[in-house]
Amino acid sequence: MWMKDSSDRFEYLQTLVTEFQDTDSDEAKEQVLANLANFAYDPKNLEYLRELQVTDLFLDMLTEENENFVEFGMGGLCNLSMDPQCKDIILQSNGMSLVTNCLSSRREETVLSAITTLMNLTMFSPHSEITDTAVLQCMLRFSLAESPRLRNLATVFLQDCCTKEQVAQAEQQMQGQQTAMGIPLPKD
């Protein structure tokens, strides 16, 4: 659908949000979430998505049992997390712990979106939750993963979001441990 002007864009996004709220079909909800996550990538849509409270919708999806809901919700949050106002919504809504919990997903896309979201959130200001020892140990483990995307992104996280001292402390605490407890590696 080609959107000629901003009112068409807003109306279309509003239709998607309404469809998500009104349908009982998980398949239809997944499709709407995927579309909203894609629209969240375009800065032209940010104002409308904030007005429609799509950030909150994505956050709500992170606690769902349906792994597709979680994946699309996390992907949408990842796309919105560069925006300072959306970042504030994420932080004020206990979103940091919701995003961090997604690091234990078995889906690689969900984990990659979670790591990227954490990185985006640190661009504005550092948060101790992001560089918590458990998160750092998880990133150290991911930096050893077979998947090049996961391995490389975890390595960038450790280099760009953490001090050398934080990484060294997490490594020291992991001595003798073979895994970051309770956090399985995602499947491709």
Side-chain angles (χ1 to χ4, degrees), residues 1-105 107-127 129-130 135 149-150 152-154 156-157 160-161 186 188:
M1 173 180 180
W2 174 252
M3 291 173 271
K4 296 176 188 166
D5 61 28
S6 60
S7 65
D8 289 341
R9 185 179 295 266
F10 177 79
E11 287 175 25
Y12 183 71
L13 292 170
Q14 187 172 39
T15 301
L16 286 175
V17 171
T18 302
E19 181 181 342
F20 180 86
Q21 294 166 338
D22 290 348
T23 188
D24 292 328
S25 164
D26 280 356
E27 187 176 325
K29 285 185 179 210
E30 289 172 6
Q31 186 173 4
V32 169
L33 280 172
N35 284 326
L36 287 170
N38 285 334
F39 280 111
Y41 190 74
D42 187 344
K44 293 177 185 175
N45 297 321
L46 284 176
E47 180 182 337
Y48 307 124
L49 294 171
R50 282 193 303 265
E51 187 175 337
L52 294 166
Q53 299 179 331
V54 172
T55 305
D56 292 321
L57 174 66
F58 288 150
L59 284 165
D60 289 343
M61 294 303 101
L62 302 186
T63 59
E64 290 290 326
E65 288 185 31
N66 181 319
E67 290 185 9
N68 289 330
F69 287 3
V70 176
E71 180 177 330
F72 298 140
M74 192 65 256
L77 272 184
C78 181
N79 289 340
L80 292 175
S81 63
M82 288 294 294
D83 175 68
Q85 290 176 329
C86 290
K87 173 215 171 229
D88 289 342
I89 294 167
I90 294 168
L91 294 175
Q92 293 166 5
S93 302
N94 192 33
M96 194 70 80
S97 65
L98 295 172
V99 172
T100 302
N101 287 342
C102 288
L103 294 173
S104 64
S105 173
R107 289 196 173 183
E108 185 171 334
E109 287 302 321
T110 301
V111 173
L112 293 169
S113 292
I115 295 170
T116 304
T117 300
L118 292 173
M119 292 172 69
N120 289 344
L121 294 175
T122 62
M123 291 180 121
F124 297 104
S125 62
H127 288 275
E129 283 181 76
I130 295 173
V135 173
R149 295 186 323 149
L150 183 57
N152 292 340
L153 191 58
V156 170
F157 178 95
D160 291 357
C161 301
D188 291 336

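Computed over heavy atoms, backbone and side chain alike; hydrogens, waters and symmetry mates excluded.
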[X] side, atom [atom1]; [Y] side, atom [atom2] - distance, nearest 0.5 Å:
X: Cys78; Y: Met119; atom1: SG; atom2: CE; result: 10.0 Å
X: Phe69; Y: Thr63; atom1: CZ; atom2: OG1; result: 11.0 Å
X: Leu13; Y: Glu47; atom1: CG; atom2: CD; result: 11.5 Å
X: Thr117; Y: Leu112; atom1: OG1; atom2: CG; result: 10.5 Å
X: Lys29; Y: Asn66; atom1: NZ; atom2: CG; result: 10.0 Å
X: Leu16; Y: Gln31; atom1: CG; atom2: CD; result: 9.0 Å

Specify the closest pair of heavy atoms between [X] and [Y], including all atoms of both residues, with the distance to one decimal.
X: Leu36; Y: Leu49; answer: CD2-CD2, 4.3 Å
X: Val70; Y: Cys102; answer: CG1-SG, 4.0 Å
X: Asn79; Y: Ala37; answer: ND2-O, 2.7 Å
X: Gly75; Y: Ser113; answer: CA-OG, 3.7 Å

**Report entry** Chi angles and distances behind the side chain to side chain contact (heavy atoms under 4.5 Å, CB included) call for Tyr48, Val54
**Finding:** CA-CA 9 Å; Tyr48 307 124; Val54 172; over 6 Å; no

Less than 4.5 Å apart, side chain to side chain, heavy atoms only: is that true for [X] and [Y]?
X: Cys161; Y: Leu118; result: no
X: Phe10; Y: Leu52; result: yes
X: Ile115; Y: Val156; result: no
X: Met96; Y: Ile90; result: no
X: Asn120; Y: Lys87; result: no

Query raised in the report: Could you walk me through whether Arg9 and Asp42 pass the side chain to side chain contact (heavy atoms under 4.5 Å, CB included) check?
Result: CA-CA 12 Å; Arg9 185 179 295 266; Asp42 187 344; 3.7 Å; yes

**Report entry** Ser93 side-chain N/O to Ile89 backbone N/O, donor-acceptor pair under 3.5 Å
**Finding:**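 Here the side-chain-to-backbone pair exists.
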
Query raised in the report: Short question: side chain of Ser104, backbone of Asn101 - any donor-acceptor pair under 3.5 Å?
Result: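 Yes: the side chain of Ser104 pairs with the backbone of Asn101.
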
Query raised in the report: If you look only at pairs with a residue in residues 67-76, which of them pass as a side-chain hydrogen bond (donor to acceptor under 3.5 Å, both in side chains), with sequence neighbours excluded?
Result: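 Passing the test, one end in residues 67-76: Glu30-Asn68, Glu67-Arg107, Asn68-Arg107, Glu71-Arg107.
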
Quick one: side chains of residues 55-62, donor-acceptor pairs under 3.5 Å with protein atoms, not counting sequence neighbours, listed by atom name and distance.
none

**Report entry** Within 6.0 Å of CD in Glu64, more than 12 heavy atoms from elsewhere
**Finding:**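 It does: Glu64 CD has more than 12 such atoms within range.
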
Query raised in the report: Which is it for Val99 and Met74 under the side chain to side chain contact (heavy atoms under 4.5 Å, CB included) test, yes or no, and what are the steps along the way?
Result: CA-CA 7 Å; Val99 172; Met74 192 65 256; 3.9 Å; yes

Query raised in the report: How about Tyr12 and Phe39: are their ring centroids closer than 6.0 Å?
Result: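 Yes; Phe39 has its ring centre under 6.0 Å from that of Tyr12.
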
Requested in this report: List in chain and number order the residues that pass side-chain hydrogen bond (donor to acceptor under 3.5 Å, both in side chains) with Asn94, two or more places apart in sequence or in another chain; answer none if no residue qualifies.
Outcome: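 For Asn94 the side-chain hydrogen bond (donor to acceptor under 3.5 Å, both in side chains) partners, ignoring immediate neighbours, are Ser97.
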
